[in-house]
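Have a look at the structure below before the remarks.
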Amino acid sequence: MSETPPNTLQYRFDGPEDAPVLILGPSLGTTWHMWDRQIPELTKQWRVFRFDLPGHGGAPAHPAASVADLATRLLATLEGLGVHRFGYAGCALGGAVGIELALRHPERLASLVLIAASPRFGTADEFRQRGVIVRTNGLDPIARSAPERWFTGGFAAAQPAITEWAVQMVRTTDPGCYIAACEALASFDVRAGLGSVGVPTLVLVGSEDQVTGPAEARTLVAGIPDARLAVVPGASHLVPVEQPAAVTDLLVRHFSTAWQPLPENATGHVVLPAAAPAAPVAVAPQPAPVAAIAPAAAPPQTQGAPDTYDAGIKVRREVLGDAHVDRILEQTDAFSEDFQELVTRYAWGEVWDRPGLDRRTRSCVTLTALVAGGHLDELAVHTRAALRNGLTPDEIKEVLLQAAVYCGVPAASRAFRVAQQVVREETTPPE
């Protein structure tokens, strides 16, 4: 167990020092303890490496900017330990890290398991909205709703101690690191790259998972050439906790039989000979991997406009949200398309994308200008954008108070009514 510098991760090892390394990656809001009930069996064959996400489980609060950043930190940690090749199993955000490793560093992976994972987790708007709620209310609302997202109702009712453990695990996470992880998931989208995953892959999902369920799992299996699917009955999102015996059995079976041999002239840990499949675990009904689904056709490639348009549409979506931008583009016709291209290219692709001011500052300037001009419809849109860009409701209030002095009290009064409604809508936790 180690506290590590900002470019690496907090970790622990279990199992024989001379065994092949198997890495277990956690999901958002959890710690390495989500894997505790897999450890006794897995350490019979592997040296198990577990890590905590930044700000989780007491790990140093150094937020990661993206899933790729998390993968880079993991590799830096492993480099420092002399681990060059490994099997990897990750749950949800941990699964996203596994996909990132398979796409960018396939030579490091011997085998892969993706649990409750997806090539794109929900929508960017959903995760940025969650970040706004945490920034305004702290993690308590997210913590209290975690059991219903992670477990089936029957399990949560029958296991109150585990349910309370889950709540406290989220509640004690660093809010800034949680928000950064939400941003990382908001920008994660590898749907077009799944065909490049060249490592043997098991996709494992709980049958009752309402977060990243069987539909997302089948998308992974359809896109990854050497992938198989296992659906665990009676389990929701945090399936390693809810059905530990079934998940352990599936991990042992997969990593014992689908461990890709080390390439010639490469370095890494010596791989154990393939073990006989483990005896079935007493779980009814026993889940088993099914045949691979045929690969899906590659998504069509769209031809982006030249110059700054592509950068502009990306920034516009990040600041205003996919739903708003999609609505604008759907309403665009031959009469308005040139105007929308102008706005996207110059306002968003050039001005908003300039490095001279951060997005928080640009939101402050934009809110003030909109108050001065009396543009209340745009003020509502950019109040939402300001919350996404990291301003708190109190900071937005200060901007409007400042505007009242220099733009006039009547203008600010109207602005306060608009902003008040938006803040209430955006920061109220879901029931």
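Heavy-atom basis, side chains included; hydrogens, waters and symmetry copies ignored. These numbers were taken from a predicted model, which means no experiment stands behind them.
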Hey, what do you get for CD (Gln10) to CG (Asp52), rounding to the nearest 0.5 Å?
5.0 Å
Rounded distance (nearest 0.5 Å) linking atom OH of Tyr11 with atom CG of Leu24
16.0 Å
Judged by atom type as modelled, is there a donor-acceptor pair below 3.5 Å linking the side chain of Thr77 to the main-chain atoms of Thr8?
no
Answer yes or no: is there a donor N or O on one side and an acceptor on the other, between the side chain of Thr163 and the main chain of Ala156, under 3.5 Å?
yes
Mind checking whether Met169 and Trp150 have side chains closer than 4.5 Å, heavy atoms only?
yes
Check: Asn389 side chain, Val319 main-chain N or O, donor-acceptor pair, under 3.5 Å
no
Those residues at least two apart in sequence (or on a different chain) that pass side chain to side chain donor-acceptor pair (under 3.5 Å) with Arg37 are none
Hey, what's the ring geometry for Phe255 with Trp46, parallel, tilted or perpendicular (30° and 60° as the breaks)?
perpendicular
State whether the number of non-hydrogen atoms from other residues, nucleotides or ligands found under 6.0 Å of Gln210 atom CD is greater than 12.
no
Does His237 reach the main-chain N or O of Glu148 with its side chain, forming a donor-acceptor pair under 3.5 Å?
no
Inspect the contact between Asp322 and Arg128 and indicate whether a charged nitrogen and a carboxylate oxygen are less than 4.0 angstrom apart.
no
Within the supplied structure, the quantity of interest is the number of heavy atoms (other residues, nucleotides, ligands) at a distance under 6.0 Å from Asp358 CG; does it exceed 12?
yes
Charged N to carboxylate O below 4.0 Å: is that the case for Glu426 and Arg135?
no
Donor-acceptor pair, distance only, cut-off 3.5 Å: does the side chain of Asp226 make one with the backbone of Val199?
no
Is the side chain of Arg120 donor-acceptor paired with the backbone N or O of Phe188 at a distance under 3.5 Å, no angle test?
no
Salt bridge present between Arg384 and Glu425 (N-O < 4.0 angstrom):
yes
On a heavy-atom basis, which atom in Pro240 and which in Gln38 lie closest, and how many Å separate them?
O-NE2, 3.2 Å
Distance-only donor-acceptor check, side chains Gln421 and Arg424, under 3.5 Å:
yes
Indicate the atoms forming the closest heavy-atom contact of Ala102 with Val197, along with that distance.
CB-CG1, 3.8 Å
I'd like to know if the side chain of Glu242 and the backbone of Thr152 have a donor-acceptor N/O pair within less than 3.5 Å.
yes
Look at the side chain of Arg47 and the backbone N and O of Gly15, then say whether any donor-acceptor pair between them is shorter than 3.5 Å.
yes
Would you call Lys314 and Asp310 a salt bridge, using N to O less than 4.0 angstrom?
no
Kindly give the heavy-atom pair with the smallest separation between Gly94 and Tyr88, and that separation in Å.
O-OH, 2.6 Å
Do Ser187 and Glu183 touch side chain to side chain, with heavy atoms closer than 4.5 Å?
no
salt_bridge(Asp326, Arg317) N-O dist < 4.0 Å
yes
Do Trp35 and Leu42 touch side chain to side chain, with heavy atoms closer than 4.5 Å?
no
Cys182 and Leu28, any side-chain heavy atoms less than 4.5 Å apart
yes
Val211 versus Arg149, closest heavy-atom pair with distance
CG2-O, 3.6 Å
Got a donor-acceptor contact below 3.5 angstrom from the Tyr178 side chain to the Gly55 backbone?
no
Donor-acceptor pair, side chain of Ser27 and main chain of Thr30, under 3.5 angstrom
no
Check the orientation of Phe121 and Phe127. Use parallel for under 30°, tilted for 30 to 60°, and perpendicular for over 60°.
perpendicular
Of all residues at least two apart in sequence or in a different chain, which pass the side chain to side chain donor-acceptor pair (under 3.5 Å) check with Thr383?
none
Tell me whether the count of non-hydrogen atoms from other residues, nucleotides or ligands lying under 6.0 Å of CZ in Arg354 goes above 12.
no
